[in-house]
Trainee: 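I'd like to ask you about the structure that follows.
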Amino acid sequence: MNDADQRTALAITLPDGRVLTLDAPTTAADVVKLIGPGLAKAALAAKVDGRLVDLGLPIERDARIEIVTLKSPDALELVRHDAAHVLAEAAKELYPDVQVTIGPVIEDGFYYDFARDKPFTPEDLAALEARMREIVARDEPVTRDVWPRDKAIAFFESIGEGYKAEIVRDLPGDEEIRIYSQGKFIDLCRGPHLPSTGKLPTAFKLTKVAGAYWRGDSRNPMLQRIYGTAWLTQADLDAYLHRIEEAERRDHRRIGREMDLFHIQEEAVGAIFWHPKGWTLYRQLVEHVRRRLDTDGYVEVNTPMLVDRSLWEASGHWEKFREQMFTTQAEERALALKPMNCPCHVQVFRQGLKSYRDLPTRMAEFGSCHRNEPSGALHGIMRVRAFTQDDAHIFCTPDQVTAEAVKFCRLLAQIYRDFGFEEFSVRFADRPAVRAGEDAVWDKAEAWLKAAIEAAGHPYQLSPGEGAFYGPKLEFHLKDAIGRTWQCGTLQLDFVLPERLDATYVAEDGKEHRPVMLHRAILGSLERFVGILIEHYAGRFPLWLAPTQVAVATITNDSDAYAAEVAATLKAAGLRVELDARADKIGYKVREHTLAKVPLLIAVGKRESETQTVSLRRWGTDGQESLALAEAVARLRDEARPPA
RNA sequence: GCUGCGGUAGCUCAGGGGUAGAGCACAUCCUUGGUAAGGAUGGGGUCGGAGGUUCGAUUCCUCUCCGCAGCACCA
């Protein structure tokens with residue numbers, strides 16, 4: 001026994017610096033009572049020396065204590081965790097045959113995985129949610145206990161909770177087995193929990209049910225996962241539900257149909273039929289990126305889509321990604337559709353002798369690739385089997401890597417800005433479990449890439465094990481108009497492929513050396529990027545991207561000839577124009593083109609044709625301005641120019 | 001790929017063992033109207049596909065394809 005155990009008085013320091021003296025052992029709940037009844041009522045949990053714990057947890061030594069209430073930053077996580085538990089309790093009450101497994105907090109809410117033969121229906125969700133509210137109304141006290149491992153295993157097995165027993169069995173040997181009870185529901189949990197179910201704000205909602213593998217492994221049985229969202233206030237919940245609606249409203253699949261941009265059909269699953277308007281948009285992307293690449297010292301190439309298996313064997317793709325490659329055969333040759341452009345780019349690089357004077361070579365391709373993605377992964381134009389990358393490979397010397405990475409980051413930021421994305425974040429993905437190349441090479445590659453991103457001056461987060469099989473990578477995640485992030489750009493450092501495909505250059509010493517290869521993309525998949533743009537702008541593209549930039553509508557058919565002249569003049573100035581000379585009222589035409597999200601509407605009637613003017617209306621505004629045709633053409637041509 | 005749910009007109013959706021319905025869209029005619037829907041008439045469906053049960057299937061059952069959500073995957 002040491003001195004600490006013999007002490008009977010504890011010094012409890014509060015956030016405001018006050019020190020309370022209490023007899024040991026005490027609990028946060030005791031401390032709260034001393035502070036006041038208001039706080040006692042509001043208290044959800046406590047932070048003891050920075051660690052989040054239950055209010056009732058015995059405190060046996062001097063500590064700094066902070067009381068967690070709904071106003072604390074930690075409250076949301078606690079509340080969501082408890083919502084998951086209340087869901088589990090409700091499920092056990094309504095459906096005694098379910099086994100409970102795990103129920104963690106996730107972004108915006110929580111889920112709980114249940115094992116049950118019969119699937120949950122939407123009606124079950126409604127019943128569960130109603131029962132959850134009853135449990136909150138019951139205000140059941142939540143108590144915490146620590147059990148010996150054997151007792152916990154025996155208990156869970158005795159009540160038929162095999163998954164829980166398995167979790168207990170797999171807990172590390174030194175871990176406390178904490179058992180929480182609320183009402184008749186007894187559960188293994190790390191905690192902490194609210195002191196009673198009545199403390200749970202009722203701003204929660206069960207949202208969906210779906211399958212999920214036990215322990216996230218597709219070889220394990222599938223459980224039924226119920227998703228829920230939970231918030232501190234009803235206003236927060238409403239705001240969240242509104243955000244979901246907003247995302248649905250922006251869904252690129254819906255807007256793509258409404259704006260007649262593209263379609264997908266059964267006969268070409270995972271591939272896109274681009275309609276004239278969608279393809280116009282797509283072309284703006286390509287043409288803009290190409291302009292930026294030209295001024296940034298890239299050369300553009302184009303390489304075969306269908307390539308002999310031997311190249312993929314040499315590159316390592318056959319070994320690592322054969323399952324996801326489309327293959328075919330011709331005259332006894334095994335061929336594969338390229339899933340990536342890099343091996344082909346190395347072939348271009350290998351033509352003729354390369355000197356150090358040729359480096360860096362920045363070789364770009366809008367490369368059409370095919371990957372046999374699992375059917376369940378396909379999603380609109382965001383995840384497809386046939387796509388085009390804004391790909392490039394930079395062949396350079398080791399001492400050029402940093403400068404190239406910095407240059408690339410600058411180009412990427414510029415292009416994101418051009419497309420209306422001001423913010424992006426960077427992740428550093430290091431070596432994956434399945435990889436090519438030796439650890440020493442990886443050590444070097446990771447160190448260099450890290451140095452490069454630091455030189456570029458971007459803060460980054462670590463994504464352990466997420467690198468490509470041939471090298472570490474930087475991932476660039478951009479943030480869209482409603483705060484969602486999308487990984488688009490990537491910069492990867494590769495020592496392996498130049499070796500495997502024998503790329504060399506002659507250095508100043510007259511000897512052959514291996515170039516370093518930087519794989520890089522900015523938009524990633526053009527198809528996906530179009531999808532992101534659609535959702536980012538909700539279909540309301542900036543003028544330079546809009547498939548139709550101006551609609552010229554007549555007031556009456558008397559103005560048809562003048563309207564045609566206006567349209568032709570705008571077209572000659574490079575604008576994308578639609579002439580609407582239908583015998584409909586101008587109000588109807590305004591409505592149609594507004595719904596079609598055409599940025600500019602020019603109306604012409606008798607007044608305009610007599611004075612060689614146009615009446616210009618901009619999307620989203622009610623008024624219109626009258627100006628001379630020549631001036632309108634000059635102004636709109638300027639406005640429609642891509643970002644310089 | 002796995003689990004669940006779904007597939008009815010171009011779109012959104014209703015219906016339901018007795019050979020199908022709405023709104024919008026589309027076509028024709030009338031209307032020429034100054035900034036978010038003028039009117040009339042009309043055409044349109046192997047009820048995703050294949051089998052089965054039944055006197056009879058779009059409806060019930062089986063298989064299959066595709067879609068959606070989530071999981072797993074994403075060089």
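Here is how names work: the chains are called A, B, and so on, in the same order as the sequence lines, proteins then strands, and each is numbered from 1.
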Trainee: Within this structure, what is the CZ-CD1 distance for the pair Phe262(A) and Ile255(A), rounded to the nearest 0.5 Å?
Mentor: 9.5 Å

Trainee: When rounded to the nearest Å, what value does the distance between P atoms of G39(B) and G67(B) take?
Mentor: 40 Å

Trainee: Do Asn557(A) and Asp560(A) meet the criterion of a side-chain donor-acceptor pair at a distance under 3.5 Å?
Mentor: yes

Trainee: Flag the pair Thr485(A) / Phe424(A) as yes when at least one side-chain heavy-atom distance between them is below 4.5 Å, and no otherwise.
Mentor: no

Trainee: Is the distance between the ring centroids of Phe204(A) and Phe110(A) under 6.0 Å?
Mentor: no

Trainee: Which class fits the ring pair Phe529(A) and Tyr416(A): parallel under 30°, tilted 30 to 60°, perpendicular over 60°?
Mentor: parallel

Trainee: Round to a whole Å and report the spacing from CH2 of Trp214(A) to P of C71(B).
Mentor: 17 Å

Trainee: Tell me whether the centres of the aromatic rings in Phe469(A) and His317(A) are closer together than 6.0 Å.
Mentor: yes

Trainee: What contact category does Leu595(A) fall into here, base, sugar-phosphate, or nothing, at under 4.0 angstrom with non-hydrogen atoms?
Mentor: base

Trainee: Provide, to the nearest angstrom, the distance between the CZ atom belonging to Arg607(A) and the C1' atom belonging to G34(B).
Mentor: 6 Å

Trainee: Under 4.0 Å, heavy atoms only, any strand: does Gly587(A) hit a base, just the sugar-phosphate, or nothing?
Mentor: sugar-phosphate

Trainee: Can you tell me if Tyr227(A) touches the phosphate of C71(B), counting only side-chain N or O atoms and a distance under 4.0 Å to OP1 or OP2?
Mentor: yes

Trainee: Tell me which nucleotide among G1(B), G34(B), C66(B) gets nearest to the side chain of Val269(A).
Mentor: C66(B)

Trainee: When all nucleic acid strands are considered with a 4.0 Å heavy-atom cut-off, which category describes Gln324(A): base, sugar-phosphate, or nothing?
Mentor: base

Trainee: Does A37(B) have a Watson-Crick or wobble partner in any strand here, with both distances under 3.5 angstrom, and which is it?
Mentor: none

Trainee: To the nearest angstrom, how far is Gln265(A) atom CD from G49(B) atom P?
Mentor: 16 Å

Trainee: Using Watson-Crick or G-U wobble geometry with both distances below 3.5 Å, tell me the partner of G45(B), or none.
Mentor: none

Trainee: Contact class for Arg617(A) vs. all strands (heavy atom < 4.0 Å): base, sugar-phosphate, or nothing?
Mentor: base

Trainee: Now, which nucleotide makes the Watson-Crick or G-U wobble pair with G16(B), with each of the two distances under 3.5 Å?
Mentor: none

Trainee: Looking across every strand, which nucleic acid part, if any, lies under 4.0 Å from Tyr470(A) by heavy atom: base, sugar-phosphate, or nothing?
Mentor: sugar-phosphate

Trainee: Distance check, P atoms only: U54(B) and G1(B), in whole angstrom units.
Mentor: 34 Å

Trainee: Which part of the nucleic acid, if any, lies within reach of Glu466(A) when heavy atoms closer than 4.0 Å are counted: base, sugar-phosphate only, or nothing?
Mentor: nothing

Trainee: For Lys208(A), which contact category applies under a 4.0 Å heavy-atom criterion: base, sugar-phosphate, or nothing?
Mentor: sugar-phosphate

Trainee: Working to the nearest 0.5 Å, report the span between CG of Leu523(A) and CG of Asp391(A).
Mentor: 11.5 Å

Trainee: Mark yes or no for a side-chain to base donor-acceptor pair under 3.5 Å between Asn557(A) and U32(B), with no hydrogen or angle criteria applied.
Mentor: yes

Trainee: Given that both distances must come in under 3.5 Å, which nucleotide forms a Watson-Crick or G-U wobble pair with C11(B)?
Mentor: G23(B)

Trainee: Does Thr594(A) put a side-chain nitrogen or oxygen below 4.0 Å from OP1 or OP2 of A36(B)?
Mentor: no

Trainee: Have a look at Tyr588(A) and say if it touches a base, only the backbone sugar-phosphate, or nothing, with a 4.0 Å heavy-atom cut-off.
Mentor: sugar-phosphate

Trainee: Give Thr556(A) one of three labels, base, sugar-phosphate or nothing, depending on what nucleic acid heavy atoms sit under 4.0 Å from its own.
Mentor: base

Trainee: Report yes if a side-chain nitrogen or oxygen of Arg257(A) is closer than 4.0 Å to either non-bridging phosphate oxygen (OP1 or OP2) of U12(B); otherwise report no.
Mentor: yes

Trainee: Who is the Watson-Crick or G-U wobble partner of C73(B), with both distances under 3.5 Å?
Mentor: none

Trainee: Check the distance between C73(B)'s C1' and Leu378(A)'s CG and give it to me in whole angstrom.
Mentor: 11 Å

Trainee: Counting side-chain heavy atoms from CB outward, which of A36(B), G1(B), A75(B) is closest to Phe321(A)?
Mentor: A75(B)

Trainee: So what does Gly216(A) hit on the nucleic acid, given a heavy-atom distance under 4.0 Å: a base, only sugar-phosphate, or nothing?
Mentor: sugar-phosphate

Trainee: How long is the span from the CD atom in Gln461(A) to the OG atom in Ser425(A), to the nearest 0.5 Å?
Mentor: 6.5 Å

Trainee: Can the ring centres of Phe114(A) and Tyr112(A) be said to be less than 6.0 Å apart?
Mentor: yes

Trainee: Side chain of Val590(A) only, please: which of A36(B), G34(B), C71(B) is the nearest?
Mentor: A36(B)

Trainee: Considering only the P atoms, how many Å lie between C60(B) and C5(B), rounded to the nearest integer?
Mentor: 14 Å

Trainee: Any idea which of A75(B), A72(B), U35(B) is nearest the Ala377(A) side chain?
Mentor: A72(B)

Trainee: Quick one: which of C74(B), G33(B), A72(B) gets closest to the side chain of Arg383(A)?
Mentor: C74(B)

Trainee: Say you pick atom C1' in C26(B) and the same atom in A37(B); how far apart are they, in whole Å?
Mentor: 16 Å

Trainee: Classify Asp584(A) by what it touches in the nucleic acid, base, sugar-phosphate, or nothing, heavy-atom distance under 4.0 Å.
Mentor: base

Trainee: When both hydrogen-bonding distances must be under 3.5 Å and the geometry is Watson-Crick or G-U wobble, what is U59(B) paired with, if anything?
Mentor: none

Trainee: So does Tyr213(A) reach the base of G70(B) with its side chain, donor to acceptor, closer than 3.5 Å?
Mentor: no

Trainee: For nucleotides A50(B) and A57(B), find the distance between their C1' atoms and express it as a whole number of Å.
Mentor: 14 Å

Trainee: Picking from C74(B), A72(B), G70(B), which would you name as closest to the side chain of Ala210(A)?
Mentor: G70(B)

Trainee: Can you check the distance between A69(B) and C30(B), where both ends of the measurement are the C1' atom (answer in whole Å)?
Mentor: 49 Å

Trainee: Give a yes/no on whether any side-chain N or O of His379(A) is located under 4.0 angstrom from OP1 or OP2 of G67(B).
Mentor: no

Trainee: For G6(B), give its Watson-Crick or G-U wobble partner with both distances under 3.5 Å, or none.
Mentor: C66(B)

Trainee: Does Arg219(A) make a side-chain N or O approach to OP1 or OP2 of C2(B) shorter than 4.0 Å?
Mentor: no

Trainee: Can you tell me, in whole Å, how much space there is between the C1' of A14(B) and that of G45(B)?
Mentor: 15 Å

Trainee: Donor-acceptor pair under 3.5 Å: do we get one between Glu608(A)'s side chain and the base of G34(B)?
Mentor: yes

Trainee: Relative to the ring of His393(A), is the ring of Phe395(A) parallel (under 30°), tilted (30 to 60°) or perpendicular (over 60°)?
Mentor: tilted

Trainee: When all nucleic acid strands are considered with a 4.0 Å heavy-atom cut-off, which category describes Thr554(A): base, sugar-phosphate, or nothing?
Mentor: nothing

Trainee: Between U32(B), G38(B), C71(B), spot the one nearest the side chain of Ala212(A), thanks.
Mentor: C71(B)

Trainee: What's Lys338(A) touching, base or sugar-phosphate or nothing? Going by heavy atoms closer than 4.0 Å.
Mentor: nothing

Trainee: Give the nucleotide from the list G34(B), C71(B), U35(B) with an atom nearest to the side chain of Met222(A).
Mentor: C71(B)

Trainee: Can you tell me, in whole Å, how much space there is between the P of G6(B) and that of A75(B)?
Mentor: 34 Å

Trainee: Using a cut-off of 4.0 Å on non-hydrogen atoms, how would the nucleic acid contact of Lys606(A) be classed: base, sugar-phosphate, or nothing?
Mentor: base

Trainee: Nearest of C74(B), C2(B), G4(B) to any side-chain atom of Pro119(A)?
Mentor: G4(B)

